[in-house]
Amino acid sequence: MKLNHILESQQFTRPLINELFAVANQMDRVLVRGGTQDYNNKIMATLFYEPSTRTRFSFEAAMHRLGGRVISTENARDFSSGTTGESLEDTINVLNNYTDVIVLRHNEIDGSKRAAKVSHVPIINAGDGKGGQHPTQALLDLYTIYKERGSIEGLKIAFSGDLADGRTVRSLSYLLGKFERVKLYFVAPQIIQMKNDILEYLDNNEVWYDLHDDLKSVVSDVDVIYQTRIDKDRFGEKVDDYEKYTKEYYIDRNVLQRMAKHAIIMHPLPRLKEISPEVDNDPRAAYFRQARNGILVRMALLSMLF
Amino acid sequence: MKLNHILESQQFTRPLINELFAVANQMDRVLVRGGTQDYNNKIMATLFYEPSTRTRFSFEAAMHRLGGRVISTENARDFSSGTTGESLEDTINVLNNYTDVIVLRHNEIDGSKRAAKVSHVPIINAGDGKGGQHPTQALLDLYTIYKERGSIEGLKIAFSGDLADGRTVRSLSYLLGKFERVKLYFVAPQIIQMKNDILEYLDNNEVWYDLHDDLKSVVSDVDVIYQTRIDKDRFGEKVDDYEKYTKEYYIDRNVLQRMAKHAIIMHPLPRLKEISPEVDNDPRAAYFRQARNGILVRMALLSMLF
Amino acid sequence: MKLNHILESQQFTRPLINELFAVANQMDRVLVRGGTQDYNNKIMATLFYEPSTRTRFSFEAAMHRLGGRVISTENARDFSSGTTGESLEDTINVLNNYTDVIVLRHNEIDGSKRAAKVSHVPIINAGDGKGGQHPTQALLDLYTIYKERGSIEGLKIAFSGDLADGRTVRSLSYLLGKFERVKLYFVAPQIIQMKNDILEYLDNNEVWYDLHDDLKSVVSDVDVIYQTRIDKDRFGEKVDDYEKYTKEYYIDRNVLQRMAKHAIIMHPLPRLKEISPEVDNDPRAAYFRQARNGILVRMALLSMLF
């Protein structure tokens with residue numbers, strides 16, 4: 001299958017996901033051998049209109065492990081010195097003459113789609129806008145579940161925390177809906193519970209889901225707990241609510257004890273207080289392994305684009 | 001011919017320009033084959049005292065296409081943590097021990113000359129000061145005209161927009177004056193018309209030029225239209241003048257219709273409103289090809305320095 | 001000897017220092033040949049919580065001369081976009097999945113020790129906190145003395161300027177104390193004279209030292225003058241004191257005339273006014289050669305860690 005751009009989770013069909021997982025597995029073996037120099041004539045640009053050192057580092061490490069080269073900016077808004085207002089389209093047209101792939105973090109929804117419309121080299125959406133897509137994050141999450149559990153079909157997966165605005169959770173829910181007999185548990189207080197657009201999508205595709213507001217009642221039943229960070233800012237002056245929820249939707253050794261032996265805990269990182277550090281050394285804590293899978297998935301995506 | 005530093009357009013004689021064009025043509029073939037690893041033991045530092053992501057990316061991509069390596073800063077003013085005031089000369093002396101070539105964007109006229117005075121490794125001036133030089137931009141512009149039209153002798157070239165302060169236009173006018181039978185049309189309102197120092201140079205070298213203030217009366221006669229951006233700031237509170245001039249010195253499909261079939265439109269980029277996007281897909285729009293030529297010329301210059 | 005992390009000068013025993021010097025000498029030959037591609041499958045991250053372009057460039061150039069690859073940030077505080085407060089430990093855990101070595105400049109004393117506690121890949125302390133360690137600087141200083149003078153035993157070494165807060169001087173004094181018959185002269189006004197903790201260490205290890213406040217009376221006796229910058233800020237409103245001391249602890253041609261023919265002048269750089277530029281061309285001015293030795297020592301340390 002030919003990949004031209006990576007813009008949104010929706011473009012990943014089951015066959016394409018299968019191919020991606022197979023290539024990512026190969027990349028695991030490449031990585032263990034110390035990487036490859038196969039792509040030493042390729043240049044990747046990271047064009048970030050807002051800083052995200054973590055995501056940028058992950059893409060850059062993946063490109064280096066493939067032998068490729070990187071040109072990088074976290075200040076894309078200053079792309080033209082002393083001048084503001086060059087269109088994204090012009091910037092992309094110029095970069096087309098410099099690089100073989102452009103990793104774009106834009107500050108507007110559909111920034112990456114606008115870029116792809118004029119670009120002859122592949123655009124990878126590395127997150128655009130609040131509430132926009134971040135497809136490579138969703139794919140690495142999906143790959144992590146697949147790798148940790150052997151398959152995705154039939155798994156019970158709980159999402160906990162801020163589900164309303166978390167683009168990671170929203171994209172991942174979408175992708176999980178493509179797998180058979182998956183059961184999704186959305187565990188959050190009402191005001192940050194999963195939004196209707198995703199629930200309708202799941203209804204239309206006959207995906208089983210349930211809404212909860214009590215994390216403890218769910219943890220013993222599931223194969224995966226996907227924990228997320230609750231944003232303090234969204235509670236404004238209701239600091240008490242924020243404090244209350246961060247205590248209720250919290251993973252510590254008490255939660256670990258209720259969890260199944262084979263279950264795993266995931267988190268998109270960065271973590272603040274929502275998982276106790278005492279959980280880190282438990283083999284079920286998969287969140288740092290997620291970071292490594294991010295390298296594998298991005299190596300796989302880059303190699304599929306070239 | 002041995003190049004030691006690249007500081008100003010004036011140092012490029014006709015034989016040196018011919019050699020540069022020949023090497024840039026070779027680099028075009030190298031680029032099509034995916035670059036070379038010939039210079040994988042060379043390190044280039046980009047030392048930018050003011051940000052210019054576009055210029056920095058162009059140099060870095062050129063270096064990577066040659067197989068070389070890059071260390072980079074856009075915050076050269078903070079070169080020494082917690083301390084201001086290290087002299088440029090000391091910084092250059094230190095970098096001489098780290099790298100094989102230094103690409104310098106300085107904030108003062110003659111910054112690059114000061115650097116070259118103490119440097120044992122080549123200095124490339126990537127723009128210094130307001131009204132200073134930016135020789136690699138002028139050379140890539142010249143190369144673009146040569147490549148698009150086959151030769152430069154006898155061409156009619158119009159410059160439009162802000163000619164008073166545009167260092168690109170000023171440097172390029174200087175270089176074009178070295179070619180026989182070239183005719184230059186400076187098209188601008190009086191207050192941003194080309195300054196006397198360049199006109200005197202052209203007089204002394206018997207280069208034909210004419211001053212105009214009506215773009216439409218010129219466009220059908222010329223082989224090249226070099227369009228530039230008018231800076232809003234220089235008009236202060238006279239916003240009406242700015243608005244008026246941006247409408248008069250504007251390239252759209254009406255201008256395209258008057259242009260010769262073989263003529264080209266150039267622009268140093270970034271563009272704001274001075275060229276309509278409807279022009280972009282016309283084959284005469286050469287400004288994005290200019291960006292690619294920038295890579296070729298910088299690859300050529302780097303290889304000539306090594 | 002196996003090096004796991006490079007955290008503080010104290011971990012460098014005499015045998016380890018000897019090995020380091022031998023490897024650095026090899027690296028000199030490697031550098032003259034244009035570097036090596038031996039480590040082209042290694043990735044180094046520079047994770048700087050405060051900017052230090054000079055130190056970052058030195059490490060990055062060293063890594064490139066080894067053939068390695070670099071991912072880099074000077075804005076580590078923004079490691080997670082839109083969120084502050086990820087623990088250093090989590091950041092290191094994530095980076096462990098991306099890179100083979102982490103060069104850390106942290107803003108707190110013991111930042112690098114905290115990092116090393118959780119890291120499976122080597123941590124190199126590139127300076128932590130005010131008054132903290134900067135061991136690679138001390139090692140390159142030590143290597144410079146060794147290289148310039150052939151050996152360290154029996155040398156007379158004067159430190160001049162701000163000795164109270166200079167972490168370079170403090171670390172280097174510590175290392176010099178390991179060599180036999182070394183004599184240390186601390187030359188500074190009382191308020192910025194060397195602190196008691198280092199003096200006690202020297203007493204306990206029977207290292208000869210003397211305190212002075214007159215630079216001119218010392219310069220003719222010593223083999224090395226290690227000059228440092230006096231920080232204006234620490235004098236607050238007593239600007240007169242600052243001005244007075246910068247004149248008294250100043251190296252110019254008058255000092256040069258008193259110095260022995262074989263003596264050398266060192267400086268950690270950046271220099272402000274404490275050494276006159278007229279000294280730069282004297283062969284005894286070793287401070288720019290120090291910068292080159294920094295590359296050699298860092299190449300050696302990186303290769304010893306891999």
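Numbers restart at 1 for each chain; the letters A, B, ... are given by sequence-line order, proteins then strands.
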Option that, when pairs with chain A are counted at under 4.5 Å, heavy atom only, ranks first among Arg65(B), Glu60(B), Arg69(B), Lys273(B): Arg65(B)
Give a yes or no on this: more than 12 heavy atoms of other residues, nucleotides or ligands lie within 6.0 Å of atom NZ of Lys147(B). yes
Using a heavy-atom cutoff of under 4.5 Å, enumerate the residues of residues 281-296 of chain B that contact chain A, numbered in order, or state 'none'. Phe288(B), Ala291(B), Arg292(B), Ile295(B)
Should the heavy atoms of other residues, nucleotides or ligands under 6.0 Å from CZ of Arg14(A) be counted, would the total exceed 12? yes
Among Ile43(A), Asn40(A), Thr99(A), Asn41(A), the one residue meeting side-chain contact (heavy atoms from CB on, under 4.5 Å) with His64(B): Ile43(A)
Counting only non-hydrogen atoms closer than 4.5 Å, does Asn96(A) touch chain B with its backbone (N, CA, C, O), its side chain (CB onward), both, or neither? neither
Minimum heavy-atom separation for Tyr98(A) and Ser58(B), please, with both atom names. OH-CB, 3.5 Å
Could you state the interatomic distance from CG (Asp280(B)) to CD (Glu89(A)), rounded to the nearest 0.5 Å? 10.0 Å
Note: vs chain A, highest number of non-hydrogen pairs under 4.5 angstrom among Lys232(B), Arg271(B), Arg33(B) is Arg271(B)
Test of understanding: with side chain to side chain contact (heavy atoms under 4.5 Å, CB included), list the residues that count as partners of Asp197(A), not counting sequence neighbours. Arg170(A), Lys195(A)
Which pair of heavy atoms, one from Ala45(A) and one from Phe57(B), lies closest together, and at what distance? CB-CE2, 4.3 Å
Can any side-chain N or O of Arg54(B) pair as donor or acceptor with the backbone N or O of Thr91(A) at less than 3.5 Å? no
